[in-house]
Trainee: 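One structure, pasted below without further comment.
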2 protein chains.
Amino acid sequence: MAARIDELDRKILSELQADASQSLDEIARKVGSSKTPVWNRIRKLREAGVIGKQTVLLEPEALGFDACFFVLIRTSEHEAGWQERFLATLRARPEVMEAHRLAGDIDYILKVRVENARAYDRFYQALIAEVKIHNVTALLSMEELKFTTGLPL
Amino acid sequence: MAARIDELDRKILSELQADASQSLDEIARKVGSSKTPVWNRIRKLREAGVIGKQTVLLEPEALGFDACFFVLIRTSEHEAGWQERFLATLRARPEVMEAHRLAGDIDYILKVRVENARAYDRFYQALIAEVKIHNVTALLSMEELKFTTGLPL
DNA sequence: AGTGAAAGGCGCCGACA
DNA sequence: TGTCGGCGCCTTTCACT
C-alpha cells in the first residue's frame, strides 16, 4: 500500500500539510522546483490517494466545545453483528472524532468532543442503549497540550 | 472565549470543514448567500481565531505509517519543572500527534503515529530517557474505525 | 449587511525543449 | 522530465444600496 515517494514529493506534502492555501508558485519556490512539475506531482499524489481531503482546522473552544473525552471500551461480544452495530453507531455520531479497535484487553478507544460533561453523558447513555458494552472508562482531558494532523515526513 | 456565531456562520464553517478547496461562489450557493458576505464572514472568523490553519489530510498508510499507539502515562512528579520538560519533549517529537493532560488517575494520554513497532520503541526509550515516568501503558491500534477533524456544528 | 462589478492573481493545460 | 506562455476562473476589493 505504501506509495513510491521521492524527496521532492515529501517536501511538497510537507508544505501542503503546513499550509494548504499556499500558491503553486510559492510551494515550487520553497521546494526548489517550478509550477508545472509540482502541480503534476500533487495531481498524482491525489490520484494515488496519498493526499486526502483539504480542510480547515477549527478552534473547538471558540465554538463552545469545551470538553474532550477519551473513552476506553471493553466488550464481551465479539460477533460480527455486534461490531457492525457498534461501528454504525460510531459513524452516525458526529461527536465521535476518532475510533480505533485495539489489541490487548481494552477493545476500543474513542475520542469524543462535546460541549460539556452533560453532553458527554447524553452520548454515553445513547451508546450503551444501542449496543451492549461490558466496561467503559472515560478519561477527561483537562488540557490539550499538542494537536497536529501533520505526519512526520 | 466562545465567539458569537449565527446560523449562517455555522453553515459556512461546515462547508469549509467538509471541503476547503471549494470556491466562494460554491459555498455561497450552498449556504444560500452570495460571495461578498460569505467572504467577509470568513475573514472575521479567521481574525477571531475560530478558523485555524488550512491543511490537507494525508493517508498515513500510503506513507508507511502503519502503527498508531495511544499511550497512557502515570507520573509521580507533579512539579512545574518536570511538566515543562515533558511538554518540551512532546512538542519536539513529530510522531506525537496529540497529547492531553487528564483528570483522574491517568495523568496524560498521547497519540503517537510511527512506521512500526520498532519505531514506537525508539520513541518510548527516548521519552523515558528524558523525563521520569512512573507508569506507561501503550494501546496498539489494530484498525482506525473513524477519523474526522470536523466538529459537529 | 448584502449586491454587482472590476481587476489582478492563480490554477490548469497546452506546446516546446 | 522541466520550462514557458496563455486562457479563464476565482479571490479580493470597492462603490452603492
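Labels below follow one simple rule: chain letters A, B, ... track the order of the sequence lines, proteins then strands, and each chain is numbered from 1. On a predicted model such as this, the values are computed, not experimentally measured, just so you know.
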Trainee: For the pair made of CD in A:Q54 and P in C:dG11, what is the distance, rounded to whole Å?
Mentor: 11 Å

Trainee: I'd like to know if B:D6 and B:K11 make a salt bridge, using a cut-off of under 4.0 Å between side-chain N and carboxylate O.
Mentor: no

Trainee: Quick one: is C:dC12 close enough that its OP1 or OP2 comes under 4.0 Å of any side-chain N or O from A:W39?
Mentor: yes

Trainee: Using the side-chain heavy atoms of B:K35, tell me which of these nucleotides is nearest: D:dT11, D:dG2, C:dA1.
Mentor: D:dT11

Trainee: When only distance counts, do a donor and an acceptor, one from the side chain of A:T36 and one from the base of C:dC12, lie under 3.5 Å apart?
Mentor: no

Trainee: Please give, in whole Å, the distance from D:dT12 P to B:R41 CZ?
Mentor: 18 Å

Trainee: Please report, rounded to the nearest Å, how far the C1' atom of D:dT1 is from the CG atom of A:L8.
Mentor: 12 Å

Trainee: Answer yes when A:K132 and A:E77 have at least one side-chain N-carboxylate O distance shorter than 4.0 Å, and no when they do not.
Mentor: yes

Trainee: Output the rounded distance in Å from CD1 (B:I42) to P (D:dC10).
Mentor: 14 Å

Trainee: Tell me which one of A:F69, A:F70, A:F147 satisfies ring-ring contact (aromatic ring centres under 6.0 Å, His included) with B:H100.
Mentor: A:F70

Trainee: Side chain of B:S23, heavy atoms from C-beta onward: which of C:dC10, D:dT11, D:dG2 has the nearest atom to it?
Mentor: D:dT11

Trainee: So, does B:S34 get its side chain near the phosphate of C:dG2, meaning an N or O under 4.0 Å from OP1 or OP2?
Mentor: no

Trainee: Without decimals, in angstroms, what is the distance between B:I12 CD1 and C:dA1 P?
Mentor: 12 Å

Trainee: In terms of the angle between their ring planes, are A:F123 and A:Y120 parallel, tilted or perpendicular, with boundaries placed at 30° and 60°?
Mentor: tilted

Trainee: Could you state the CG-C1' distance from B:N40 to C:dG4, rounded to the nearest angstrom?
Mentor: 14 Å

Trainee: Regarding A:L24, tell me which of base, sugar-phosphate or nothing describes its non-hydrogen contacts under 4.0 Å with the strands shown.
Mentor: sugar-phosphate

Trainee: Roughly how many Å is it from CG in A:D25 to C1' in C:dG9, rounded to a whole number?
Mentor: 10 Å

Trainee: Return the value, rounded to whole Å, for the distance between atom CG of B:D19 and atom P of D:dC10.
Mentor: 13 Å

Trainee: Could you please spell out the steps behind the salt bridge (Lys or Arg N to Asp or Glu O under 4.0 Å) verdict for A:E95 and A:R113?
Mentor: CA-CA 5 Å; A:E95 58 267 64; A:R113 264 233 188 266; over 6 Å; no

Trainee: For B:E26, which contact category applies under a 4.0 Å heavy-atom criterion: base, sugar-phosphate, or nothing?
Mentor: nothing

Trainee: Can you work out whether B:Q22 or A:S33 has the more 5'-proximal nearest nucleotide on DNA chain D?
Mentor: A:S33

